[in-house]
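Structure record follows, encoded as structure tokens.
Throughout, numbering of the chain's residues begins at 1 and tracks the sequence. Note that ligands are numbered from 1 as they come in the structure, with each ligand's atoms numbered from 1 the same way.
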Amino acid sequence: MNKKIKKAIFPAGGLGTRFLPATKASPKEMLPIVDKPMIQYAIEEAIACNIEEFIIITGKYKRAIEDHFDSAYELEENLRKLDKKKLLEEITRLNHINFAYIRQKAALGLGHAILCAKPFVDNEPFAVLLSDDVIDPEETLLKDMIRLYEKLGCSILALEQVPMTEIHKYGVIAGTASGNGLYKINDLIEKPEREKAPSNLAIIGRYILTPEIFGILEKLTPGRGGEIQLTDALRDLLKGQTIYGYHFRGKRYDAGDKLGYLKATVNFALKNKEVSEAFIKYLLDIAPTLKTKGHR
Ligand code: UTP
């Protein structure tokens, strides 16, 4: 029987240059979508999949992540005194979770960030969640991928169809469709030029990986952008193991990018009980002014 997926890695060691100056001294992963930092959405997604061990890869200026998931005794006491039960419940909800933090000493790439977690993962399959790829909490992507791993026993990558104008931003696969959204992967390429992209199926920020990836990452030389690229390691893994891609058709926001972040914020606000009504009213109010500005 295939091993259970109990561990998840949350790489958060990147520089977040697309969000400068906001990310100069604060982590991108702590940017809020309405009222919750984006990394908390990813943690909650993993909790919903019965993940038991949470490994966060941090880096310089990322201390706020550790503080966020720590208990906040003074704040909790104050909320208790003020009888703010709902807020107290909200900020203590994750207090029982044990997090392991590993500091990536330099932002040498996603592959390197994952390699930093090797001592904590050992010889088990594990999940990777990139918290700046925000998945709508109503979707079941990671759950579906775990189920596929349990059946197939190999690495599973989340895929999304992206417009060819965007393809150069992603790792892209060449694969053979094998039904129910599954693709048997034949090749992968990191950030290809549009003309060289083998398909429009891009790898997005959810992975189930087998532990053999660590040995490959250890030997890997820097690839595109001088970084240790996970896509290059997956390409090597493919020489010895089958890898499947799973075509996700639900809602994902590339919140590491300004426009994607704004889209996530608007859509999450529209679903937020506290603000949605007033927010919709506001959007309807400003809609005519957007039209007169020449936008459609
Ligand atoms: P990104 O490609 O979004 O890079 O990384 P970035 O540095 O965060 O942001 P930009 O592109 O400069 O704006 C994808 C994920 O991999 C993590 C990031 O934190 C993010 O979750 N990462 C990236 C690391 O943990 N370490 C790295 O060295 C690079």
Side-chain angles (χ1 to χ4, degrees), residues 7-33 37-46 54-66 68-69 99-118 120-121 126-135 142 157-158 160 162 166-172 188-192 202-207 209 213-214 217-218 220-234 252-264:
K7 298 181 180 180
I9 303 175
F10 301 82
L15 298 177
T17 52
R18 285 169 292 164
F19 256 106
L20 283 168
T23 46
K24 190 176 161 207
S26 337
K28 169 175 73 174
E29 295 75 13
M30 286 300 294
L31 289 173
I33 300 193
M38 45 175 121
I39 191 163
Q40 190 173 335
Y41 289 100
I43 298 286
E44 289 175 0
E45 187 182 330
F54 300 76
I55 303 154
I56 302 183
I57 310 301
T58 68
K60 225 176 177 179
Y61 305 120
K62 303 278 183 168
R63 290 268 297 276
I65 298 176
E66 290 178 50
H68 179 72
F69 291 115
F99 295 96
Y101 296 95
I102 302 167
R103 194 154 158 141
Q104 189 186 14
K105 293 197 176 65
L108 300 179
L110 175 59
H112 180 258
I114 291 172
L115 180 58
C116 292
K118 182 179 179 234
F120 285 76
V121 175
F126 56 95
V128 176
L129 293 88
L130 306 188
S131 50
D132 54 354
D133 254 346
V134 175
I135 306 285
L142 192 64
L157 317 179
E160 191 181 82
V162 302
E166 301 285 302
I167 206 81
H168 62 282
K169 298 179 182 170
Y170 293 88
V172 181
L188 311 101
I189 171 164
E190 180 63 18
K191 299 192 171 76
I203 304 167
I204 58 168
R206 297 294 179 276
Y207 309 77
L209 299 176
I213 199 79
F214 290 123
L217 284 167
E218 272 167 340
L220 209 63
T221 49
R224 215 172 185 289
E227 295 189 343
I228 305 288
Q229 297 284 359
L230 177 62
T231 310
D232 294 343
L234 289 168
R252 173 195 71 101
Y253 304 94
D254 177 8
D257 166 87
K258 287 187 194 86
L259 184 60
Y261 177 78
L262 292 170
K263 287 180 185 174

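Scanning the protein for heavy atoms near atom 8 (O) of ligand 1, the closest one is K28 NZ, 2.7 Å. With respect to atom 13 (O) of ligand 1, the closest heavy atom belonging to the protein is R18 N, 2.7 Å. At the shortest separation from atom 21 (O) of ligand 1 among protein heavy atoms lies P11 O, 2.9 Å. Looking at atom 28 (O) of ligand 1, its nearest protein heavy atom turns out to be G109 N, 2.7 Å. Among protein heavy atoms, atom 25 (O) of ligand 1 sits closest to G13 N, 2.7 Å. Looking only at heavy atoms of the protein, atom 5 (O) of ligand 1 is closest to D132 OD2, 4.5 Å. Of all protein heavy atoms, the one closest to atom 18 (C) of ligand 1 is G14 N, 3.7 Å. Among protein heavy atoms, atom 12 (O) of ligand 1 sits closest to T17 OG1, 2.5 Å.
Classification of R63 and E66 as a salt-bridged pair fails, no side-chain N sitting under 4.0 Å from a carboxylate O. Checked for salt-bridge contact, D132 and K28 meet the test: a charged N lies under 4.0 Å from a carboxylate O.
Taking every heavy atom of A12 and a limit of under 4.0 angstrom, the matching atoms of ligand 1 come to 19 (O), 25 (O). Close approach of ligand 1 to L108 is summarised as follows: ligand atoms under 4.0 Å from at least one heavy atom of the residue are 28 (O). Interface atoms of ligand 1 facing Q104, defined by a heavy-atom separation under 4.0 Å, are 24 (C), 25 (O), 26 (N), 27 (C), 28 (O). Close approach to L15 involves these atoms of ligand 1, each under 4.0 Å from a residue heavy atom: 6 (P), 7 (O). Counting atoms of ligand 1 from 1 in the listed order, those under 4.0 Å from a heavy atom of A113 are 24 (C), 25 (O), 26 (N). Atoms of ligand 1 found under 4.0 Å from any heavy atom of A107, numbered from 1 in the order shown, are 28 (O).
None of I55, I65, I43 except one satisfies the side chain to side chain contact (heavy atoms under 4.5 Å, CB included) rule with F99; the exception is I43.
Closest to atom 14 (C) of ligand 1 by heavy atom, among L130, T58, V128, I9, is L130.
Residue A106 places no N or O, backbone or side chain, under 3.5 Å from any N or O of ligand 1. Remark: ligand 1 and G16 share an N or O pair separated by less than 3.5 Å (distance only, no angle test).
When every heavy atom of L129 is checked against every heavy atom of A8, the shortest pair comes out as CD1-CB, 3.9 Å. Smallest separation of non-hydrogen atoms from A46 and L142: CA-CD2, 4.2 Å. Taking each heavy atom of L130 and R206 in turn, the nearest pair found is O-NH1, 3.0 Å.
Residue E227 places no heavy atom under 4.0 Å from ligand 1. Heavy-atom distances between H112 and ligand 1 stay at or above 4.0 Å for every pair.
Taking the six-membered ring where the residue is Trp, the centroids of F126 and F214 are separated by under 6.0 Å. Between Y261 and F19, the distance separating the two ring centers is shorter than 6.0 angstrom.
A donor-acceptor pair under 3.5 Å is absent between the side-chain atoms of Y253 and the main chain of L259, judged by distance alone. The main-chain N or O of K105 is never found under 3.5 Å from a side-chain atom of K60 such that the two would form a donor-acceptor pair.
More than 12 heavy-atom neighbours from other residues, nucleotides or ligands sit within 6.0 angstrom of OH on Y101.
Contact annotation for L110 and ligand 1: heavy atoms of both the backbone and the side chain come within less than 4.0 Å of the ligand.
For H112 and E227, the side-chain atoms include no donor-acceptor pair closer than 3.5 Å.
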